[in-house]
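Remarks on the structure that follows.
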Amino acid sequence: MTLYPKLILDALATVRYPGTGKNLVEAEMVADNLRIDGMTVSFSLIFEKPTDPFMKSMLKAAETAIHAYVSPDVQVTITVESKQAARPEVGKLLPQVKNIVGISSGKGGVGKSTVSANLAVALAKLGYKVGLLDADIFGPSMPKMFQVEDARPYAERIDGRDMIIPVEKYGVKLLSIGFFVDPDQATLWRGGMASNALKQLIADAAWGELDYFLIDLPPGTSDIHLTVVQTLAMTGAIVVSTPQAVALADARKGINMFTNDKVNVPILGLVENMAWFTPAELPENKYYLFGKEGAKKLAEEMNVPLLGQIPIVQSICEGGDNGTPVALDEDSVTGRAFLSLAASVVRQVDRRNVEMAPTQIVEMHK
């Protein structure tokens, strides 16, 4: 049997690509490198992205079509080309980001997202370039906290890749799954889908040069936490808790999760949120609604720094609901508390980076 290009192309024309409904030839997915040598055929299929979900099935379908419509004796070799550049390897993601900090809590309801939003704003006010990723896939709150619920991030071609352009507000670059889903509908995704969505927000976004990339993690421990620590070289983690005993028990578990041998992410410190209640009209008064200095005692017990204590005032709730983080107001009690927290985080990160420098020098000379 003599093979010629039209036989092969006619066979490939029977295979339809699910993404467009067109066949491989009509969709111009067959590269012009078709080679025939006796009963051996080789060519490439062109996909839009190197992560195309139909890639494997199309390769198999193309080979099957040639065997079915030409001859089962044909030896088929198919390679893959992509119109877009490949995503960088995991270890090389975000090369322009100096420090990556995860913000976590053992349980929900301790104000972790409020701390994340205000810490990001406070760092920006101190003059740092800041990015904030809302990694709480199932309960994204950052769009509301930054008053950008109607924002719709767009993609831009950069260095051969379609990159998501983060929303910018208050000097912070921001991305959240909340920009891409219906806010009135529950996000019913399995763990793999949630992890893949998170990877896209990290790796397929144009974060650019950042001094601090903050990741607001979901409460508790989950696949999302593992995805983040396996995808990025984390500088460290911050754990948020209230002084309440039940919150501290879960905060202890959160610290253990980051410091165990499989995860091995340094704890930069604890933040005690809702440390006390201070009425706006009596700023010197402190009422300990959830216990006194519980997180401070836990920090001492577990030998980690206490980065800050954030009081409860009505303006924190109002600022979160109105999309104006209280850290914007340097004259308020909580504004000053968050600026102090930001300064503590900077000091702790700088200290860790200095401690790590000798290790990095040794690694470079191995």
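Because only heavy atoms are used, hydrogens play no part in the values below, and waters and symmetry mates are left out as well, while side chains stay in. Bear in mind the structure is a predicted one, so any value in this text is a computation, not a measurement.
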Checking the side chain of Asn23 only, and the main-chain atoms of Glu26 only, is there a donor and an acceptor separated by less than 3.5 Å? yes
Between the side chain of Arg157 and the main-chain N/O of Met163, is any donor-acceptor distance below 3.5 Å? no
Could you check if a side-chain atom of Leu59 sits within less than 4.5 angstrom of a side-chain atom of Glu63, using non-hydrogen atoms only? no
Would you call the rings of Tyr17 and Phe54 parallel, tilted or perpendicular, where under 30° means parallel and over 60° means perpendicular? perpendicular
Against Ser113, only a single residue in Asp136, Asp216, Asp134 fulfils side-chain hydrogen bond (donor to acceptor under 3.5 Å, both in side chains); can you say which? Asp216
At their closest point, which heavy atom of Leu232 faces which heavy atom of Ile202, and how far apart are they? CD2-CG2, 3.7 Å
So, Lys169 and Glu149, do they make that salt bridge, N to O below 4.0 Å? no
Tell me if the CD atom of Glu28 is crowded by more than 12 foreign heavy atoms within 6.0 Å. no
Starting from the C-alpha separation in whole Å, work towards a yes-or-no answer on side chain to side chain contact (heavy atoms under 4.5 Å, CB included) for Val326 and Thr114. CA-CA 9 Å; Val326 292; Thr114 298; over 6 Å; no
Are the side chain of Lys129 and the backbone of Glu209 linked by a donor-acceptor contact shorter than 3.5 Å? no
Are Tyr170 and Ile165 linked, directly or through other ILVMFWY residues, by side chains that come within less than 4.5 angstrom of each other? no
If we ignore hydrogens and angles and just use 3.5 Å, is the side chain of Arg352 paired with the main-chain N or O of Thr235 as donor and acceptor? yes
Walk me through whether Asn118 and Thr334 qualify under side chain to side chain contact (heavy atoms under 4.5 Å, CB included). CA-CA 10 Å; Asn118 282 282; Thr334 44; over 6 Å; no
Under a single-linkage definition using a 4.5 Å side-chain heavy-atom cutoff for Ile, Leu, Val, Met, Phe, Trp and Tyr, are Val130 and Leu201 assigned to the same hydrophobic cluster? yes
Which atoms form the tightest heavy-atom contact between Ala65 and Ala11, and what is the distance? CB-O, 3.6 Å
Report yes or no: do Val333 and Leu339 belong to one cluster of Ile/Leu/Val/Met/Phe/Trp/Tyr joined by side chain heavy-atom distances under 4.5 Å? no
Please find the pair of heavy atoms, one from Ile164 and one from Gln200, that lie closest to each other, and give the distance. CD1-O, 4.3 Å
Looking at Asp162 and Ala155, would you say the former's side chain and the latter's main chain have a donor-acceptor pair under 3.5 Å? no
Residues which pass side-chain hydrogen bond (donor to acceptor under 3.5 Å, both in side chains) with Gln96, listed by chain and number, not counting sequence neighbours: none
Between the main-chain N or O of Ala275 and the side-chain N or O of Gln309, is there a donor-acceptor pair closer than 3.5 Å? no
Using every non-hydrogen atom in the two residues, find where Ile255 and Met302 come nearest and quote the distance to one decimal. CD1-SD, 3.7 Å
Which heavy atom of Leu132 sits nearest a heavy atom of Ala117, and at what distance? CD2-CA, 4.1 Å
Check the pair Leu214, Leu123 against side chain to side chain contact (heavy atoms under 4.5 Å, CB included), reporting the backbone distance first and the verdict last. CA-CA 10 Å; Leu214 305 183; Leu123 286 168; 4.1 Å; yes
For the backbone of Ser44 and the side chain of Asn33, can you confirm whether one donor and one acceptor N or O come within less than 3.5 Å of each other? yes
Test Leu341 against Val115 for side chain to side chain contact (heavy atoms under 4.5 Å, CB included), laying out the working first. CA-CA 9 Å; Leu341 171 62; Val115 170; 4.1 Å; yes
Check whether more than 12 heavy atoms from other residues, nucleotides or ligands sit under 6.0 Å from atom CG of Asn285, and answer yes or no. yes
Out of curiosity, does Leu328 fall in the hydrophobic cluster containing Phe338 (side-chain heavy atoms, cut-off under 4.5 Å, transitive links)? yes
Which atoms form the tightest heavy-atom contact between Ile78 and Ala62, and what is the distance? CD1-CB, 3.8 Å
Classify the ring geometry of Tyr128 against Tyr212: parallel below 30°, tilted from 30° to 60°, perpendicular beyond 60°. perpendicular
Same apolar cluster: Val15 and Tyr69, side chain cutoff 4.5 Å: no
Just by modelled atom types, is the Lys286 backbone N or O under 3.5 Å from a matching donor or acceptor in the Thr278 side chain? no
For the pair Ser344 (side chain) and Ser340 (backbone), establish whether a donor and an acceptor sit closer than 3.5 Å, ignoring hydrogens and angles. yes
